[in-house]
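Structure first, then comments.
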Amino acid sequence: MSLVQAVLCSEFALVCGEQQLNLTSGGVLHNFRKIFKVNESVIIGLSGAIEDNYYLFQDYLNVDFTLKEDCPDSLAEVFHKVTARYREMTEQGECDVFSLVCGWNGYGFEGKTFFINSQFGEESRITDVRPEHEKDAKLISCGDNRHFDNFLAGVYRYGAEVYALQRAFRDTLAQGVMFDEYIDKNAQFELIRRPEA
């Protein structure tokens with residue numbers, strides 16, 4: 001598993017990810033990109049088995065994990081395509097992902113997490129995430145629950161502005177490497193701000 005976290009509020013969507021890729025052969029790659037800004041409205045974040053993530057996001061990623069160019073899909077269209085792939089994958093049963101899609105839907109920020117667990121298929125699910133009102137913010141964590149707790153503590157410590165959230169995520173990584181061998185300290189961020197009216 002990897003670590004991808006996001007914050008959605010009325011002003012922006014920020015997606016944070018670490019960059020270690022653990023290969024099934026036992027090798028490790030560093031500086032592997034897991035967060036992609038598909039266009040000015042959509043960000044995707046990958047966590048879990050890399051092959052399964054490629055299948056889930058093949059409409060948006062090339063086989064070498066570079067972003068396909070010139071994607072005009074709205075957030076709703078990305079949700080629709082990824083959800084269809086997710087349903088195929090859950091029927092196959094041997095997949096492992098805990099990834100997200102989030103962005104601007106035309107009137108607010110929202111996201112979805114896509115979780116498939118090959119060992120415990122009954123836990124597989126899609127979760128919809130959106131702030132409930134203008135002053136609300138939602139934290140999303142695709143990874144160990146301890147990472148969520150550490151990120152939340154960092155948000156309380158530093159605040160909910162973009163640079164403060166980046167600092168909170170870096171702290172989460174620094175703490176996480178002590179108990180999670182699947183992550184590293186290299187952080188990546190993608191941001192979508194609310195369009196000007």
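Just so we're clear, the structure is a prediction, and the values are computed from it rather than from any experiment.
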Leu75 reachable from Phe57 in the ILVMFWY side-chain graph, under 4.5 Å edges: yes

Minimum heavy-atom distance between Lys68 and Leu61, given as atom pair plus value: CE-O, 3.3 Å

Donor-acceptor pair between His147 and Asp180 side chains, under 3.5 angstrom: yes

Ser124 side-chain N/O to Asn117 backbone N/O, donor-acceptor pair under 3.5 Å: yes

Cationic tip of Arg194 above Phe109 ring, under 6.0 Å, 45° of axis: no

Residues Asp184, His30; criterion side chain to side chain donor-acceptor pair (under 3.5 Å); working and verdict: CA-CA 8 Å; Asp184 67 15; His30 295 280; 3.1 Å; yes

Heavy-atom neighbours of Glu88 CD exceed 12 at 6.0 Å: yes

Cluster check Tyr107, Phe79: I/L/V/M/F/W/Y, side chain < 4.5 angstrom: no

Ile183 with Phe169, same ILVMFWY side-chain cluster at under 4.5 Å: yes

Exceeds 12 heavy-atom contacts within 6.0 angstrom, atom CG of Asn145: no

Over all atoms of both residues, closest heavy-atom pair of Ala6 and Val15: CB-CG2, 4.0 Å

Which atom of Leu21 lies closest to which atom of Lys34, heavy atoms considered: N-NZ, 4.4 Å

Salt-bridge present (Glu110, Lys138; N to O < 4.0 Å): no

Val28 with Leu173, same ILVMFWY side-chain cluster at under 4.5 Å: no

Within residues 72-82 or reaching into it, pairs that qualify as side-chain hydrogen bond (donor to acceptor under 3.5 Å, both in side chains) - sequence neighbours excluded: Tyr60-Asp73, Asp73-Lys81, Ser74-Glu77

